[in-house]
Number of protein chains: 2
Amino acid sequence: MTTMVKVAQLAGVSISTVSYVLNGTRHVSDETRQRVLKAIEETSYRQDALARAMRRSRTDSIGLIVSDGGEPAFAEMIRGVEETAASQGITLLLANSAEDPKREARAVEALLGRRVDGLILARAAGSGPEALSEFANSNTPLVLMDRLSADPYDQVGVENREPTMELVEHLVAQGHERILLIAGDTRVATLQERHDAFAEAMAAAGIAPSDQLTVIAFEPAETDAGIEAALSAAEPPTAVIACSTVLAAAALRRIQQRGLRMPEDIAFATFDGFAYADLFEPQLTTVRQPAFQVGATAAELLSKRIADKSGKPSVVRLAPTIEYRASTAPRPAT
Amino acid sequence: MTTMVKVAQLAGVSISTVSYVLNGTRHVSDETRQRVLKAIEETSYRQDALARAMRRSRTDSIGLIVSDGGEPAFAEMIRGVEETAASQGITLLLANSAEDPKREARAVEALLGRRVDGLILARAAGSGPEALSEFANSNTPLVLMDRLSADPYDQVGVENREPTMELVEHLVAQGHERILLIAGDTRVATLQERHDAFAEAMAAAGIAPSDQLTVIAFEPAETDAGIEAALSAAEPPTAVIACSTVLAAAALRRIQQRGLRMPEDIAFATFDGFAYADLFEPQLTTVRQPAFQVGATAAELLSKRIADKSGKPSVVRLAPTIEYRASTAPRPAT
DNA sequence: CTGAAAGCGCTTACAG
DNA sequence: CTGAAAGCGCTTACAG
């Protein structure tokens with residue numbers, strides 16, 4: 001590899017001058033600068049980011065740990081982070097915890113050891129408060145993404161209460177009373193919030209809560225069993241709300257198996273939704289979160305925090321859009 | 001930040017000893033080792049990967065540049081690379097070229113500057129041979145993923161010829177002769193290969209080639225126009241093969257708009273396919289590539305190459321699985 | 001069994 | 001306008 005020494009020799013200057021030319025951090029006479037530039041060209045010299053980082057104690061890189069890189073929403077967030085970071089010359093170090101708190105902890109260690117300037121974390125479902133303790137002492141900035149908490153960190157996620165209530169009102173207005181909520185793993189803050197807002201909206205509509213009509217489950221098998229039980233109950237739901245893409249897929253499979261038509265036999269709405277959703281038949285009413293924007297905002301919050309570590313953490317909630325589609329069209333009068 | 005110096009002082013040893021304990025690279029007496037370990041614990045010391053990398057000239061990190069992080073197949077490949085790397089203690093540096101050769105070139109520079117031990121590259125559609133010239137001189141190993149080339153690098157992608165031919169035979173056996181191939185951007189090697197295999201299979205079946213029945217397009221708008229023209233021709237196709245997920249989506253939209261039923265009015269098959277494909281109605285015949293495995297293999301090839309830079313490059317082709325579904329069921333006799 | 005010291009490739013006060 | 005030198009935090013021959 002070519003180093004500054006070779007460039008300096010070729011240009012007949014000191015390595016300091018090469019450095020100053022490279023970074024524009026000191027005035028260098030035009031003639032000298034040209035010689036240096038030419039030498040850089042000829043040797044096809046490339047700055048060593050490692051050595052530079054070490055000296056400056058700043059790596060111009062950030063870490064991102066997601067809990068499930070496979071989910072479309074997260075894939076979008078990753079893109080949002082990557083794009084925003086790249087536009088500022090920041091490299092992204094990516095890790096996937098796969099919802100495993102141990103892998104999450106290891107990823108945090110690995111990234112911190114690589115001295116990222118900051119970290120964005122979408123926490124694993126079962127991850128306890130220990131995961132964050134690492135950051136309490138360290139002065140590496142942390143931004144929580146998607147899955148928020150009460151801890152004093154910069155955070156970005158989506159609004160959950162309003163859209164959930166609006167969705168419930170929409171269904172109630174159509175005459176639905178037995179609405180099945182597939183809440184999933186309520187240890188995830190997002191899902192807990194949607195669950196709570198659902199309960200609140202139902203109460204506001206004067207509909208008595210029913211345990212049979214809420215599926216809380218930590219594992220796919222439990223989810224399936226819960227949905228199956230609800231659908232085969234004596235008084236089955238007339239509408240379903242799924243709180244995430246995975247949960248929606250589980251529900252749609254059961255609905256298809258039973259040959260239920262949407263919305264005639266059962267109305268259906270989901271959070272997050274599917275890629276290429278316009279191809280679904282019928283098209284699904286979806287609370288779509290601005291996932292790319294969530295990622296982009298996380299990267300921006302982190303940049304700001306890296307630039308200025310003082311000041312109170314800010315919590316940003318982005319508003320989802322509710323796309324009303326055929327799957328919750330008003331039922332024909334019976 | 002705690003450094004080795006603090007640990008050494010606390011343990012009453014030299015920093016060399018701390019280093020040897022940390023890395024297990026030299027025998028250290030039990031008693032000394034315990035003292036060092038205790039000091040590490042007490043100071044919550046964490047090794048600085050940067051300084052370590054600089055000394056060892058090895059970063060234990062690899063770079064990955066994908067051309068479209070949004071496509072499901074690439075998202076899966078990213079996961080495959082990440083998981084395999086993580087299991088070996090390797091950190092992943094991720095960049096997205098978004099099919100832009102300039103962004104690709106910048107990403108290569110950025111990652112090389114960060115001294116990744118090796119690079120995995122899924123090239124942008126329009127990326128010329130210059131992109132690779134960087135590696136000809138450099139001795140940073142490169143693995144080409146998904147989009148292969150004739151250049152002498154380790155590569156991993158999928159088999160295209162066999163499944164394409166099998167798919168065509170399947171359709172021809174059902175009586176289809178006017179089969180529309182949506183090939184897309186044939187500058188992408190994968191798509192060119194599928195295109196060529198299609199032509200070969202049609203010739204083998206004794207069906208004359210037709211320009212009207214092949215859509216080659218570099219832009220979404222062109223693709224749409226090409227599909228539209230083909231479907232509204234005097235003699236429209238009775239079957240469609242889409243060579244990627246994006247192309248399939250474009251075709252399915254047109255098919256739905258025209259109210260064509262699958263497979264009664266038109267048979268349909270696609271490469272790569274959709275996430276949650278079991279929810280589509282009808283379910284789509286799909287040549288599904290083992291995308292996760294492609295990523296994992298890329299990471300493994302890279303590991304091997306990093307460990308041993310001599311030896312001929314290996315080209316791995318993974319076999320896709322053809323999932324025959326309702327969208328190409330035999331047409332009822334007319 | 002352990003330590004003192006060189007050096008990885010840079011940046012940046014200090015000095016002229 | 002430019003250079004000599006210290007130092008970022010490690011690893012690893014060299015020496016005892």
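Lettering follows sequence order; numbering is per chain, from 1. All heavy atoms count here, side chains included; hydrogens, waters and symmetry mates do not.
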Between [X] and [Y], does any side-chain donor sit less than 3.5 Å from a side-chain acceptor?
| X | Y | answer |
| --- | --- | --- |
| A:Ser19 | A:Ser16 | no |
| A:Ser61 | A:Arg114 | no |
| A:Asn23 | A:Gln47 | yes |
| B:Ser244 | B:Asp272 | no |

Whole angstroms only, please: what is the [atom1]-[atom2] distance between [X] and [N]?
| X | N | atom1 | atom2 | result |
| --- | --- | --- | --- | --- |
| B:Gln34 | C:dC1 | CD | P | 14 Å |
| A:Leu50 | D:dT11 | CG | P | 13 Å |
| B:Arg56 | D:dT11 | CZ | C1' | 9 Å |
| A:Tyr20 | C:dC14 | OH | P | 11 Å |
| B:Asn23 | C:dT2 | CG | C1' | 16 Å |
| B:Gln9 | C:dG3 | CD | P | 13 Å |
| B:Arg58 | D:dT12 | CZ | P | 12 Å |
| A:Met4 | C:dC8 | CE | P | 13 Å |

[N] phosphate, OP1 or OP2, under 4.0 Å from [X] side-chain N/O:
| X | N | result |
| --- | --- | --- |
| A:Thr32 | D:dT2 | yes |
| A:Arg52 | C:dT11 | yes |
| A:Ser16 | D:dA4 | no |
| B:Thr3 | D:dG9 | no |
| A:Tyr45 | C:dC10 | yes |
| A:Thr17 | D:dG3 | yes |

Quick check for you: among [options], whose closest atom lies nearest to any side-chain atom of [X]?
| X | options | answer |
| --- | --- | --- |
| B:Ser19 | D:dT12, C:dG9, C:dT11 | D:dT12 |
| B:Gln47 | D:dA4, C:dC10, D:dT11 | D:dT11 |
| A:Arg115 | C:dC1, C:dT2, D:dG9 | D:dG9 |
| A:Val13 | D:dC1, D:dG9, D:dG3 | D:dG3 |
| B:Arg55 | C:dT2, D:dT11, D:dC1 | D:dT11 |

So what does B:Val5 hit on the nucleic acid, given a heavy-atom distance under 4.0 Å: a base, only sugar-phosphate, or nothing?
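No contact.
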With both distances under 3.5 angstrom, what nucleotide forms a Watson-Crick or G-U wobble pair with D:dA13?
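Pairing partner, where one exists within any strand: none, as none qualifies.
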For C:dA4, give the paired nucleotide (Watson-Crick: N1-N3 plus N6-O4 or O6-N4; G-U: N1-O2 and O6-N3; both under 3.5 Å), or none.
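C:dA4 is unpaired by these criteria.
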Name the residue closer to the 5' end of DNA chain D, choosing between B:Thr25 and B:Ala51 according to the nucleotide with the nearest heavy atom.
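Going by which nucleotide is closer to the 5' end, it is B:Ala51.
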I'd like to know if B:Arg26 reaches the base of C:dT2 with its side chain, counting only an N/O donor and acceptor under 3.5 Å.
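It does, because a donor-acceptor pair links the side chain of B:Arg26 to the base of C:dT2 below 3.5 Å.
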Between A:Arg79 and B:Asn96, is there a side-chain heavy-atom distance shorter than 4.5 Å?
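Of all side-chain heavy-atom pairs linking A:Arg79 with B:Asn96, at least one is under 4.5 Å.
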Can a salt bridge be assigned to the pair B:Asp48 and B:Arg46 using a cut-off of 4.0 Å between side-chain N and carboxylate O?
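Judged by the 4.0 Å cut-off on N to carboxylate O distance, B:Asp48 and B:Arg46 do not form a salt bridge.
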